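Keep in mind it's a predicted model, so treat the numbers as computed, not measured. Naming: A, B, ... by sequence-line order, numbering from 1 per chain. All values below come from the heavy atoms of this structure, side chains included, with hydrogens, waters and symmetry mates left out.
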Amino acid sequence: MGKEITSRADDYSQWYIDLVKKADLAENSDVRGCMVIKPYGYSIWEKMQQALDKMFKETGHVNAYFPLFVPKSLFEAEEKNAEGFAKECAIVTHYRLKTDPARPGKLMVDPEAKLEEELVVRPTSEAIIWSTYKKWIQSYRDLPLLINQWANVVRWEMRTRLFLRTAEFLWQEGHTAHATSAEAITETKQMLDVYAEFAETFMAMPVIKGKKSEGERFPGAVDTYCIEAMMQDGKALQAGTSHFLGQNFADAFGVQFTNKEGKLEKVWGTSWGVSTRLIGGLIMAHSDDDGLILPPKLAPIHVVIIPIFKSEEELNRVSAKAESIAKELRGLGLSVKFDDRDNLKPGFKFAEYELKGVPVRIAIGPRDLDNGTVEVARRDTKEKKVMQMDSVVSEISQLLEDIQQNIYQKALKFRNEKITRVDSYDELKKVLDEKGGFVSAHWDGTAETETKIKEETKATIRCIPLDAELKEGKCVFSGKPSSQRVLFARAY
RNA sequence: CGGGGUGUAGCGUAGCCCGGUAUCGCGCUUGGUUUGGGACCAAGAGGUCGUCAGUUCGAAUCUGGCCACCCCGACCA
C-alpha cells in the first residue's frame with residue numbers, strides 16, 4: 001500500500017531514487033539533466049544555506065553576486081581551468097528568436113542575431129570574478145578580499161542523478177584574494193575546516209579532510225583540499241572542496257597590488273564550494289528502508305503532532321491540547337506541524353512522516369487526555385515512549401539533541417568500520433570488491449600508478465588525509481617508497 | 001557518447017508476438033461508515049497509448065527517425 005521504497009539491499013541506486021521522489025525532495029524536469037527541487041527538498045537546502053552563510057560571515061566573508069554568463073575570451077584566460085571545463089560547457093550564441101516562416105506558430109533562432117562573442121554559462125565563476133577583482137584591487141590595503149556568492153552553475157553532464165550530479169546545480173562559491181601565499185593557504189584550510197564542521201555538526205556526517213592528488217585536483221588550482229564522506233553502500237562522496245589557487249588567476253587576469261614597500265606584487269587566491277550535492281550525501285549517509293532520516297539541525301519539520309480520534313468531538317478535545325503543545329514547542333524555536341487531516345488514518349500518517357524523516361512524532365489521543373500523557377516516537381531508532389504531558393515540551397529539546405548525536409555516532413561507527421588498511425595490491429582489490437569503503441594504502445605519489453589503479457579497480461585516490469601519521473612504506477602497486485598512506489575508494 | 005532495457009490516466013501496470021481506439025490496482029472526487037501502525041463500502045471523473053512520420057479500410061499493437069528515463073561503461077562536484 002501507499003509508497004513502497006525499494007530496499008537498500010535489493011537495489012541501492014533505486015532506493016536512493018525512490019527516497020528522493022517519494023519524500024518529495026526533487027523530481028526530474030522537462031529539461032534534460034536538470035531537476036526540480038521541490039519545497040521539502042528546497043527547505044533542507046535553505047537550512048544548509050543558513051548555517052553555512054552564518055559560518056562564512058563569522059569568518060569575515062561577505063556575499064555578492066556575479067553574472068551567469070562569462071564571455072569566452074575571459075573564460076579561456078586561465079588555460080588549465082578553461083580546458084578542465086571545456087567539455088561540459090553550455091554556450092549562448094544568439095540573443096533573439098523569431099517566428100519560423102516554415103512552421104506557423106513556431107519559433108526559430110534568428111540567424112541575424114548572432115552574438116559577437118559567445119557567452120559561456122558559468123561552470124564556476126573564477127574567470128568573471130578575477131577579471132572583476134583586477135578593477136577592485138590596487139593596494140595591499142584592498143586585501144584580503146573575502147567574497148562568497150550563492151549561485152547556480154551549469155556543467156553539461158552526460159549522466160545525471162538527482163542531487164548528486166545534475167546539469168544545473170545550486171552551490172556557493174567563495175573567492176578570496178590575499179597579499180601572501182601563507183595567508184591564502186591559511187584561508188584555504190580554514191574554509192576546509194568550516195566545511196568539515198558543518199558536515200559533522202549539522203549534517204551529522206563524518207568526513208575525512210585531505211588533499212587531492214594531482215590527478216584529482218581542480219584545474220587551475222595549485223592545491224585542492226576536500227572533505228570526503230562515506231555512503232552506506234561503501235562508496236565515497238566528495239562533499240566539499242577548497243582550493244589554493246596560488247597566483248594562477250592573478251597571472252591570467254593581471255591582478256596586482258602595491259605592497260607596503262611600494263612594489264607591485266601578484267595576488268594570491270583561493271576558492272571553495274559546496275553544492276546541493278550535500279543533500280544527496282545527507283540522504284545516503286543516514287536514511288533507511290523506511291525513508292529519510294534527517295538530522296534535527298537540518299530537518300524542515302522537527303516535530304509532527306498526530307491526533308488520534310474517533311469523533312469530531314474527540315478531535316476537538318485532542319486538537320486543543322495538541323495546539324497548546326505545538327505553541328510551546330514553537331516558542332523554543334522548533335518547527336512543528338500539527339496534522340489534523342481527517343481523511344487519513346494515524347498509521348498512514350506515521351508512515352508518511354517516517355518517509356519524510358521528521359525526527360520526532362507526538363501522538364495524542366483520548367486515552368492520553370485521560371492519563372495526562374502523550375506518545376513520543378523518534379525517527380532514528382523507531383523507539384516509542386509514553387511521556388507525561390507536563391514534561392514533554394521540556395524533554396523534546398534534549399531528545400532532538402540526542403537524535404542529532406545518535407545519527408552522527410552511528411554514521412561515524414559505520415565510516416570507521418569502512419576504513420581498511422592494506423599492504424598489497426591483491427588485498428586492495430579484494431577489499432574494494434568485497435567490502436567497499438576507504439582503503440588505506442601506500443602510494444608512490446606518481447600519476448602513472450594512480451591511473452593504472454583507477455583503470456584496473458575503478459577506485460580513485462579520494463584524498464591524502466591531513467591528519468594521517470607520516471610513516472614510511474612501500475607503494476602497494478609499484479613497491480616504490482611512499483611517505484604516507486592515502487585513501488582509495490570507488491566514488492560518486 | 002558506446003552497449004542493453006523501458007515508455008499505456010497523477011503513480012504502478014495488462015494488452016503488443018497473432019492490427020479492429022484500452023485492463024487492473026493505488027491515488028483523486030462525492031456520500032456514508034471508520035480512525036492508538038499504511039481503513040472499508042457505494043457511485044463517479046480522468047487516457048491524442050512518449051513523439052513524429054510510414055504501412056493499412058483501420059495502429060497501443062507492424063516499420064523507421066527522434067525524445068525521455070533506467071542499468072552498465074567513458075567523463076565529472
Between [X] ([atom1]) and [N] ([atom2]), how many Å, whole number?
| X | N | atom1 | atom2 | answer |
| --- | --- | --- | --- | --- |
| A/Arg161 | B/rG73 | CZ | P | 12 Å |
| A/Asp18 | B/rC71 | CG | P | 11 Å |
| A/Tyr16 | B/rC70 | OH | C1' | 15 Å |
| A/Gln14 | B/rG12 | CD | C1' | 12 Å |
| A/Lys22 | B/rG27 | NZ | P | 14 Å |
| A/Lys349 | B/rU34 | NZ | P | 17 Å |
| A/Glu314 | B/rU35 | CD | C1' | 9 Å |
| A/Lys385 | B/rG37 | NZ | P | 20 Å |

[atom1] atom, [N] versus [M]: distance in rounded Å?
| N | M | atom1 | value |
| --- | --- | --- | --- |
| B/rU8 | B/rU13 | C1' | 9 Å |
| B/rC40 | B/rC26 | P | 8 Å |
| B/rC71 | B/rC62 | C1' | 28 Å |
| B/rU51 | B/rA60 | P | 11 Å |
| B/rU23 | B/rC18 | P | 24 Å |
| B/rU29 | B/rA45 | C1' | 7 Å |
| B/rG10 | B/rC75 | C1' | 35 Å |
| B/rG46 | B/rG25 | C1' | 15 Å |

In plain terms, say whether [X] and [Y] are close enough for a salt bridge, that is, a side-chain N and a carboxylate O under 4.0 Å apart.
| X | Y | answer |
| --- | --- | --- |
| A/Asp223 | A/Lys212 | no |
| A/Asp290 | A/Lys382 | yes |
| A/Arg379 | A/Asp288 | yes |

NA contact type, [X], heavy-atom cut-off 4.0 Å: base, sugar-phosphate, or nothing?
| X | answer |
| --- | --- |
| A/Gly84 | nothing |
| A/Pro366 | base |
| A/Leu164 | base |
| A/Thr166 | base |
| A/Lys382 | nothing |
| A/Glu27 | nothing |
| A/Leu315 | nothing |
| A/Phe218 | nothing |

Which nucleotide, in any strand shown, forms a Watson-Crick or G-U wobble pair with [N], with both distances under 3.5 Å?
| N | result |
| --- | --- |
| B/rC18 | none |
| B/rU55 | none |
| B/rG2 | B/rC72 |
| B/rU48 | none |
| B/rG7 | B/rC67 |
| B/rG31 | B/rC41 |

Side-chain N,O (A/Lys21) to OP1/OP2 (B/rC11) below 4.0 Å: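 Checking A/Lys21 against B/rC11: no side-chain N or O falls below 4.0 Å of OP1 or OP2.
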Distance-only donor-acceptor test (3.5 Å): side chain A/Glu375, base B/rG37: no
Any donor-acceptor N/O pair under 3.5 Å between B/rG36 base and A/Lys345 side chain: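 Not at all, since no donor on one side and acceptor on the other fall under 3.5 Å apart.
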Quiz item: cation-pi between A/Lys47 and A/Phe202, 6.0 Å / 45°: no
Row check, A/Phe350 ring normal vs A/Arg361 NZ/CZ: under 6.0 Å, within 45°: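 Yes, a cation-pi geometry holds between A/Arg361 and A/Phe350.
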A/Val374 or A/Glu216, whichever maps to the more 5' nucleotide of RNA chain B: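 Its nearest nucleotide lies further toward 5', so the answer is A/Val374.
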5' precedence on RNA chain B between A/Ala167 and A/Glu312 (nearest-nucleotide basis): A/Glu312
If you only use heavy atoms from C-beta on, which nucleotide in [options] is closest to the side chain of [X]?
| X | options | result |
| --- | --- | --- |
| A/Ile308 | B/rG73, B/rG36, B/rG37 | B/rG36 |
| A/Glu157 | B/rG36, B/rG37, B/rC75 | B/rC75 |
| A/Ser13 | B/rU35, B/rA39, B/rC71 | B/rC71 |
| A/Glu352 | B/rG38, B/rC70, B/rG37 | B/rG38 |
| A/Ile17 | B/rG37, B/rA39, B/rC71 | B/rC71 |

Side chain to side chain donor-acceptor pair (under 3.5 Å) assessment of A/Ser125 paired with A/Gln149: CA-CA 9 Å; A/Ser125 300; A/Gln149 85 165 342; 3.2 Å; yes
Criterion side chain to side chain donor-acceptor pair (under 3.5 Å) on A/Glu456 and A/Tyr425, from CA distance to verdict: CA-CA 11 Å; A/Glu456 290 178 18; A/Tyr425 191 47; 2.7 Å; yes
Candidate list A/Lys345, A/Arg341, A/Lys22, A/Lys337, test salt bridge (Lys or Arg N to Asp or Glu O under 4.0 Å), partner A/Glu352, passing option: A/Arg341
